[in-house]
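Computed from heavy atoms alone, side chains included, the values below leave out hydrogens, waters and symmetry copies. Lettering follows sequence order; numbering is per chain, from 1.
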There are 2 protein chains.
Amino acid sequence: MEVFSFSAGTLKLLDQRKLPFKEEYLLCKNYKQTIGAIREMAVRGAPAISIAGAYALSQAEKAGYIIDSAAEEILNSRPTAIDLKNAIDFMKEGINNGEDSQKRAAEWEQSIYNKCKLICMHGAELIGEGNRVLTHCNTGPIAVGKYGTALGAILYAHKKGKGVFAWVDETRPRFQGALTSYELSEAGVPHNVITDSTAGSLMRKGEVDLIMVGADRICKNGDFANKIGTYPLAVLAKHHRIPFYVLAPSSTIDSKLESGEKIPIERRDEREILEPAGVRAFAEGTRAANFAFDVTPASLVTAYVTEHGLSCSPPE
Amino acid sequence: MEVFSFSAGTLKLLDQRKLPFKEEYLLCKNYKQTIGAIREMAVRGAPAISIAGAYALSQAEKAGYIIDSAAEEILNSRPTAIDLKNAIDFMKEGINNGEDSQKRAAEWEQSIYNKCKLICMHGAELIGEGNRVLTHCNTGPIAVGKYGTALGAILYAHKKGKGVFAWVDETRPRFQGALTSYELSEAGVPHNVITDSTAGSLMRKGEVDLIMVGADRICKNGDFANKIGTYPLAVLAKHHRIPFYVLAPSSTIDSKLESGEKIPIERRDEREILEPAGVRAFAEGTRAANFAFDVTPASLVTAYVTEHGLSCSPPE
């Protein structure tokens, strides 16, 4: 199952909104369509978004759009993950140096895969024989294009025969746990889906050995943004003295932002909450507050795993 | 909107499964039908279940069934809440003393309302001017029959003109937050629904002044069971030094159980998780672990509110 392919100016994307039920592809023939795919979450996962964004800028460049304003439009598609910004910076640098933009995007894509492959290997080292790993949202191959980050490490540990078991947060409001469960099933990893608020009592009962999550932006001081629901897991892990690991490529680092307070938190349509799985569950007129991400302070992180390996201090 | 009425041997119940969309009533003509209504959660909320259970035993008695085995069947309908057991004990005592079972059930019902009315008044005292109160699951009039407990206190504070705002956990997997939102809307209380895992970051941002929840069973040492997702709220409240209150009538006290480890936790059908709002969100073959309740240790409780008022030690 290929997440990305690019040919003749068209980005072909695995449409994640159709998963786990259908493997359908979306053709983004120009940069505006690629932006739409990011915004509507046909492609999601910070590293995957960065790859789509890189190709989007190449599409814009080839079509003769003004680079800076196209870049701005792409960046506005989703505000929280920094990988997209880092990809755009990488693209602009190449274009300014006269490099072919399509080659440059492919280079970015490949660099993400190289990093994430290493993350899976480093991360799997943290998983012991028979460990029960809890994870949130979806950070597998789908969220990167290949390999994955947190979920990638779990898959790699399984492949190494470690007999791992996964607790999968359903991850409201968009149920990305369904993608995680799908990827675990494909790989034959035993797992159970739970509601997000079940994680706490499993920790209390001693049924969670470690927690692994991805990230959308890691600040200079190590504070990081990730899918809403990550922060409570970190507090609960601290309370129960359970290791809490953050796995992300260095493209997720915001080398300019001092700390987490300034990370822009995307607020999405309240219907994602009020209409779970597309069906209205709340009375008309009900209002919901739908923050897509939360911020976890560095003090709650046991260690970060990047392509450079394990680090207890903020990664660089 | 009347939750219960009983006449000519039939218990007429507001069908909570149809809310917030339709106010429909279910007629339970015999004790087996009443048991079905409890099990299928047409009636839910620990105090409300106890009222339905009391009438069920009266139905069984009037129809000539053996009291002890009918009582056993009723108790097996839902295992976690102790109010049902306390109601059944109250009923049996009356029947043994030759009292009319229907009058005895009505007496139980009225005693629950009297207690909860006091709880609302005591609880509202804890809510300051303009406070933002976070609550979980549904503990309003619907969950009791009248008045409510935690949500009842919020409604009463609103009535007293305190300008309260409520954060409403959606409460996966069954979205009882939709009932809470419905009751708040009817009363004109401003509120926002959030996913359960959003509560933590709201606390971190200083947007929650206090937390009020109900209970399904309070042990002798003060440990208590409540809807899954209550325990993580208590840990988060402690972490952020936010008051965490448990509001329940004395019928929720299990005077025999020393501590929370022995509370039986109901495990419900995994489809409640896998098919949110009745629509499949996970691939076929996915397994989910659906624990309906969790246990919160007394050490995380700021105070208990019963009909006797506020108490920092376990209520009796």
Which one wins on heavy-atom pair count under 4.5 Å against chain A: B:Asn290, B:Ile228, B:Ile194, B:Leu19? B:Ile228
If we only count heavy atoms from C-beta on, is the B:Leu202 to A:Phe291 side-chain gap below 4.5 Å? yes
Testing A:Val168, A:Val193, A:Asn192 for side chain to side chain contact (heavy atoms under 4.5 Å, CB included) with B:Thr286, which one passes? A:Val193
Can you tell me which residue among A:Thr171, A:Thr195, A:Ile273 is in a side chain to side chain contact (heavy atoms under 4.5 Å, CB included) with B:Thr195? A:Ile273
B:Leu233 versus chain A, the contacting section by heavy-atom distance below 4.5 Å: neither
Contacting region of B:Asp196 [heavy-atom separation from chain A under 4.5 Å]: side chain
Heavy-atom count around B:Arg271 CZ within 6.0 Å, excluding the residue itself: above 12? no
Measuring centre to centre across the rings, with the benzene-like ring taken for any Trp, is A:His191 within less than 6.0 Å of B:Phe282? no
Where is the tightest heavy-atom contact between B:Ser197 and A:Pro232, given as atom of each residue plus distance? O-CG, 3.6 Å
If you count heavy-atom pairs within less than 4.5 Å of chain B, which of A:Gly229, A:Gly278, A:Ala199 leads? A:Gly229
Please report the shortest heavy-atom distance between B:Ala283 and A:Pro20, naming the atom on each side. N-CG, 3.5 Å
Taking every non-hydrogen pair under 4.5 Å, which of B:Lys227, B:Glu272, B:Arg280 racks up the most with chain A? B:Arg280
Interface residue of largest heavy-atom contact number with chain A, from B:Glu270, B:His239, B:Met203, under 4.5 Å: B:His239
Assert top hit (heavy-atom pairs under 4.5 Å, partner chain A, pool B:Gly200, B:Gly285, B:Ser181, B:Ala178) equals B:Ala178
Chain A contacts: which residues in residues 292-300 of chain B have a non-hydrogen atom closer than 4.5 Å to it? B:Asp294, B:Val295, B:Pro297, B:Leu300
If you count heavy-atom pairs within less than 4.5 Å of chain B, which of A:Arg204, A:Arg287, A:Lys205 leads? A:Arg204
With respect to chain B, which residue among A:Lys238, A:Glu170, A:Arg172, A:Glu284 yields the maximal number of heavy-atom pairs within a distance under 4.5 Å? A:Arg172
